[in-house]
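Take a look at the structure below.
Whatever order the structure lists ligands and atoms in, that order sets their numbers, starting from 1.
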Amino acid sequence: MSAQSLARQWATSQDGATSEPTQFASQGIALEDPRLFRQLAYVNGCWVHGEGGREEAVFDPATGERLGQVPWLEEAQIDAAIATADAAQREWRKLRVDQRGELLDAWYDLIRAHKEDLAMLMTREQGKSLDDGRGEVEYGASFVHWFAEEGNRAFGETIPSHIPNAALGTVREPIGVAALITPWNFPLAMITRKAAAALAAGCTVLVKPAGETPFSALALAELAERAGIPAGVFSVITGEASEVSRQLCDDPRVAGLSFTGSTRVGRLLLKQCADSVKRVSLELGGNAPFIVGPDMDPEEAARAAVDAKFQTSGQDCLAADRILVHDSLYEDFLSHFARIMKQLKVGNGQVKGIDLGPLIHRDAVAKAQTIVDDAVERGARLIHGDQSMAPGPNFFMPVLLADITPDMRVWREETFSPVAGITAWHDEEEVIAMANDTEYGLAAYVYTHDVRRIWQLMRGLRFGMVSVNSVKMTGAPIPFGGVKQSGLGREGGRQGLEEYLDIKYYCLGGLESASGS
Ligand code: NAP
């Protein structure tokens with residue numbers, strides 16, 4: 001019997017776990033497959049309303065149009081969701097790893113087959129361009145494929161025995177139910193990067209997506225159901241963030257929490273998980289330095305820095321927030337950077353050729369402006385960025401600030417906006433100290449062809465990821481994650497699976513034949 005039919009048989013044998021679609025809309029977001037636009041939570045294989053009648057509206061950040069709404073689940077409903085995830089986990093872990101992999105691969109195929117609709121959902125609820133949305137679908141799907149395979153490598157080990165007549169070793173076991181709390185900037189990939197690892201390991205998951213972008217998560221649930229992933233294995237809880245998170249963190253039936261979001265909320269959740277001593281993994285904020293060495297062609301380096309700064313309108317944990325350029329090419333670099341950034345097209349992500357969409361909401365626009373004002377008051381040069389050209393209230397035109405200094409917010413904070421801050425450096429020790437002068441430690445970029453300098457910088461930078469002469473650094477095979485206050489643990493790679501596995505040590509005594517082995 002195939003994994004799919006086995007899983008379906010199990011799903012239909014569960015109480016209340018029928019897959020009846022209770023609501024789908026053909027308006028709000030027009031899709032080729034309208035059933036991917038879901039406005040209800042998905043728990044234990046059912047599409048559910050909130051029992052208290054509370055709901056959250058979702059808006060298109062480019063136009064302000066109301067796209068729809070999702071319910072806020074109540075305490076008793078979340079409690080039931082945890083119970084069903086717990087019950088489902090006892091069955092899910094019993095599937096052979098290749099059977100789980102087969103279901104994940106079916107999910108992967110469906111995600112890719114619906115790339116256009118998923119990209120459109122993202123463009124409408126998040127604002128990114130359709131091309132960026134398509135890229136995120138491929139990126140997000142790649143984790144599903146990766147972990148479908150990686151599950152096969154959850155090896156234990158044999159330990160040479162120091163105990164007479166005993167065999168010693170370890171097996172790897174799923175931790176249990178995992179709560180996954182995700183942000184709005186990558187509404188799809190931040191879910192699959194966690195969920196695929198957890199499901200491959202034999203865990204079940206309860207996903208709490210960001211309030212701004214629930215529809216991508218719910219479309220993933222629809223496709224998980226179609227892939228035959230059984231009821232209770234992948235649920236999406238929509239609700240008031242602090243209530244849902246508090247309940248997930250407090251509940252001892254939830255064994256692990258994986259969170260991607262701001263450092264502020266990450267700290268809070270880490271404290272909330274202390275009482276039930278959960279496995280916690282945190283992917284938090286970044287404040288990436290982008291270091292340009294004296295041997296670089298200033299135009300080539302400026303082009304790369306523009307790419308690294310303005311992706312997702314700067315709302316990216318990997319955004320090059322502090323661009324540190326050797327003083328010998330500083331002014332040249334600035335003029336190339338200004339020229340290239342002026343070519344970026346700002347507008348509604350649905351329009352072909354748009355590079356920068358809107359920011360997620362008006363608060364983000366206001367924050368970006370205060371960061372620019374603070375820098376200018378403290379002596380930064382505003383080289384480019386005329387906000388009167390913004391095509392709508394949620395848009396922020398790309399800004400270039402030169403001569404930034406450590407006392408400015410643009411240096412200290414993750415701006416999460418298209419505000420580029422640049423300054424000059426002279427010697428290597430100085431630039432390492434400048435780059436490390438942040439509480440964050442997610443990613444750093446280095447641009448130079450000098451091998452000795454590459455090595456010095458790579459080892460001196462206190463960041464979880466260092467990318468040399470490449471803007472692209474992410475992907476399913478790599479251990480994504482930060483140090484310092486950028487987080488705990490890794491996602492992707494073989495390390496991503498570890499977050500969802502316990503080690504069980506065994507000692508089998510009384511085995512005469514095992515003596516001496
Ligand atoms: P956020 O405000 O921390 O929100 C992230 C998630 O936490 C959302 O689901 C949000 O729900 C929830 N949340 C918010 N306040 C909460 C509270 N008081 N208690 C419990 N949960 C709460 O972050 P964001 O603005 O969505 O995302 C941007 C941040 O994510 C940036 O700092 C960025 O660097 C980081 N990020 C990091 C990575 C990485 O891999 N390291 C990747 C992407 C993003 P609601 O939306 O419903 O409030």
*Part of C317 within contact of ligand 1 (heavy atoms, under 4.0 Å)*: both
*Are R112 and Y108 linked by a side-chain donor-acceptor pair shorter than 3.5 Å?*
yes
*What do you reckon, does P209 put a non-hydrogen atom under 4.0 Å from ligand 1?*
yes
*Using the six-membered ring wherever Trp is involved, compare the ring planes of F310 and F337 and label them parallel, tilted or perpendicular (cut-offs 30° and 60°).*
tilted
_Show me which atoms of ligand 1 lie under 4.0 Å from any heavy atom of E212._
46 (O)
*Quick one: does R193 get a heavy atom under 4.0 Å from ligand 1?*
yes
*Taking K278 for its side chain and V254 for its backbone only, find out whether a donor-acceptor pair lies under 3.5 Å.*
yes
*Answer with yes or no whether G487 contacts ligand 1, where contact means a heavy atom under 4.0 Å from a ligand atom.*
no
_NZ or CZ of R490 within 45° of F480 ring axis and under 6.0 Å_ = no
*With heavy atoms only and a cut-off of under 4.0 Å, state how T263 meets ligand 1: side chain, backbone, both or neither.*
neither
*Going by the angle between their ring planes, with limits at 30° and 60°, are F143 and F147 parallel, tilted or perpendicular?*
parallel
*At under 4.0 Å between heavy atoms, which part of I360 makes contact with ligand 1: side chain, backbone, both or neither?*
neither
*Where does D316 meet ligand 1, judged by heavy-atom distances below 4.0 Å: at the side chain, the backbone, both, or neither?*
neither
*Would you say R264 and ligand 1 have an N/O pair spaced under 3.5 Å apart?*
no
_Quick check: F215 with W184 (ring centres under 6.0 Å apart)?_
no
